[in-house]
Number of protein chains: 2
Amino acid sequence: MPANEEKNKELSVKQRLARFLENRKMRKTSERFAILDKIYSSSAHIDVATLHQAMLADGFQVSRATVYNTLDLLIEAGLVRRITLGDGVNRYERILVVNNHHHLICTRCGKVKEMKAVKVVEDLIAHKPRSFEPQYYSLYIYGLCSKCAKADKAVAKERK
Amino acid sequence: MPANEEKNKELSVKQRLARFLENRKMRKTSERFAILDKIYSSSAHIDVATLHQAMLADGFQVSRATVYNTLDLLIEAGLVRRITLGDGVNRYERILVVNNHHHLICTRCGKVKEMKAVKVVEDLIAHKPRSFEPQYYSLYIYGLCSKCAKADKAVAKERK
DNA sequence: TTTACTGCAAATATTTTGCAATATC
DNA sequence: GATATTGCAAAATATTTGCAGTAAA
């Protein structure tokens, strides 16, 4: 991944948060930018506890309450989304309008893979719904990963 | 909606649960079928508290613990899925392999609309991923509903 | 200087667990 | 009758809230 591209993206996200806060006459606190940063530099879909611990480990003192508050703010700003990967745990991930991705979730072992977004879907989303302005979307595909599919077949055979 | 079709569908789901329980040598308790029934006859995406209250209101005595246990079971059986519509509340909905639907979620007011599944997407899912056996999928489209989009534009104008 | 935000700790809400009672096989 | 499953209440987690102190504007 080219470092420049990554840096530009990060800057632009910070700018978007700054603009959002200015529009609403809210304060640009270091916590808000630090949390945004952490989510954008983390491997996708991080949960609150992990996020909070990671920040403390980085030496950035912040309270859980602020993490929760800020996550709601970032969601409202359209910079972060909240998801649950079938296990009921709330996780947070950055929203990349371009270069989106889909989740492949194994219903047996819970493993999550990512798959590059497919253009057809994006076109579809952009044009289909009337009386609705799409901003972004999430596609979750549930099924069996290759390992579990194999194990499943073995069991089925045994039971016959 | 034709009553017959609905009845057949319901029967088949019960049969699928029965088969699942038999395969695992688990017991066919009335609670399990009652909870399955409730989810399948409820308007999509119901949360635990509502589900539990609805069952009590129907005169079906069941504990919260059993509701939680059974939901996990139904998910494992592939009959129900757990989702969160951006608000962090866990909800449960039936899985219809045929006649799937997408969610349109307003990021401002939280309102959820449903949209009939688009065939293109289904084809795509069925064929694309290698080393993965898709069972079903969820597509969430986030954006602004017509009301909020209008309100948003009004505010933007005012601020200029 | 003003007051929006944060941190803390307590309150609330949500989910899980242990074990005796019950119902399925 | 044997034991998997339920119900209950208590424990563990997760999230929200109120308010005094801090820091952004």
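All values below come from the heavy atoms of this structure, side chains included, with hydrogens, waters and symmetry mates left out. Within every chain, numbering begins at 1; the chains are lettered A, B, ... in the order of the sequence lines, protein sequences first and strands thereafter.
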Participant: For the pair made of CG in B/Asp47 and P in D/dA14, what is the distance, rounded to whole Å?
Facilitator: 19 Å
Participant: Provide, to the nearest angstrom, the distance between the CZ atom belonging to B/Arg91 and the P atom belonging to C/dT15.
Facilitator: 11 Å
Participant: Taking the nucleotide of DNA chain C with the closest heavy atom to each, which residue, A/Arg27 or B/Ala49, is nearer the 5' end?
Facilitator: A/Arg27
Participant: Please confirm whether the shortest side-chain N or O distance from B/Thr66 to OP1 or OP2 of D/dG7 is below 4.0 Å.
Facilitator: yes
Participant: Just wondering, do A/His102 and A/Tyr137 contact through their side chains at under 4.5 Å, heavy atoms?
Facilitator: yes
Participant: Calculate the interatomic distance between A/Phe33 atom CZ and D/dA23 atom P; express it in whole Å.
Facilitator: 17 Å
Participant: Using salt bridge (charged side-chain N to carboxylate O under 4.0 Å, His left out), reason through B/Arg24 and B/Glu76 one step at a time and then give a plain yes or no.
Facilitator: CA-CA 12 Å; B/Arg24 310 214 162 191; B/Glu76 227 193 312; 3.0 Å; yes
Participant: Donor-acceptor pair, A/Ser41 side chain versus A/Asp37 backbone, under 3.5 Å?
Facilitator: yes
Participant: Name the residue from A/Val67, A/Asn69, A/Val62 that meets the side-chain contact (heavy atoms from CB on, under 4.5 Å) definition with A/Glu31.
Facilitator: A/Val62
Participant: For A/Lys25, report the nucleic acid contact type (base, sugar-phosphate, nothing); a contact means any heavy atom under 4.0 Å.
Facilitator: nothing
Participant: Between B/Arg82 (CZ) and C/dT14 (C1'), how many Å, whole number?
Facilitator: 12 Å
Participant: Between atom CG in B/Asp72 and atom C1' in D/dT5, what is the gap in whole Å?
Facilitator: 14 Å
Participant: Where the side chain of A/Ser63 is defined as all heavy atoms beyond and including C-beta, which of D/dC8, D/dT15, C/dG7 is the nearest nucleotide?
Facilitator: C/dG7
Participant: OP1 or OP2 of C/dT14 less than 4.0 angstrom from a side-chain nitrogen or oxygen of B/Asn90, does that happen here?
Facilitator: no
Participant: NA contact type, B/Arg32, heavy-atom cut-off 4.0 Å: base, sugar-phosphate, or nothing?
Facilitator: sugar-phosphate
Participant: Kindly say if A/Tyr68 contacts the phosphate of D/dT15, meaning a side-chain N or O under 4.0 Å from OP1 or OP2.
Facilitator: yes
Participant: Does either side chain, that of A/Arg82 or that of B/Thr84, offer a donor lying less than 3.5 Å from an acceptor on the other one?
Facilitator: no
Participant: Between atom CZ in A/Arg64 and atom P in C/dA13, what is the gap in whole Å?
Facilitator: 18 Å
Participant: Can you tell me if the side-chain N/O atoms of B/Thr29 get under 4.0 Å from OP1 or OP2 in D/dT5?
Facilitator: no
Participant: Just the rounded figure in Å: distance from C1' of C/dA21 to CD of B/Gln61.
Facilitator: 14 Å
Participant: Please report the distance, rounded to the nearest Å, between CG in B/Leu73 and C1' in D/dA4.
Facilitator: 12 Å
Participant: Please state whether the phosphate of D/dT16, meaning OP1 or OP2, lies under 4.0 angstrom from any side-chain nitrogen or oxygen of A/Asn69.
Facilitator: no
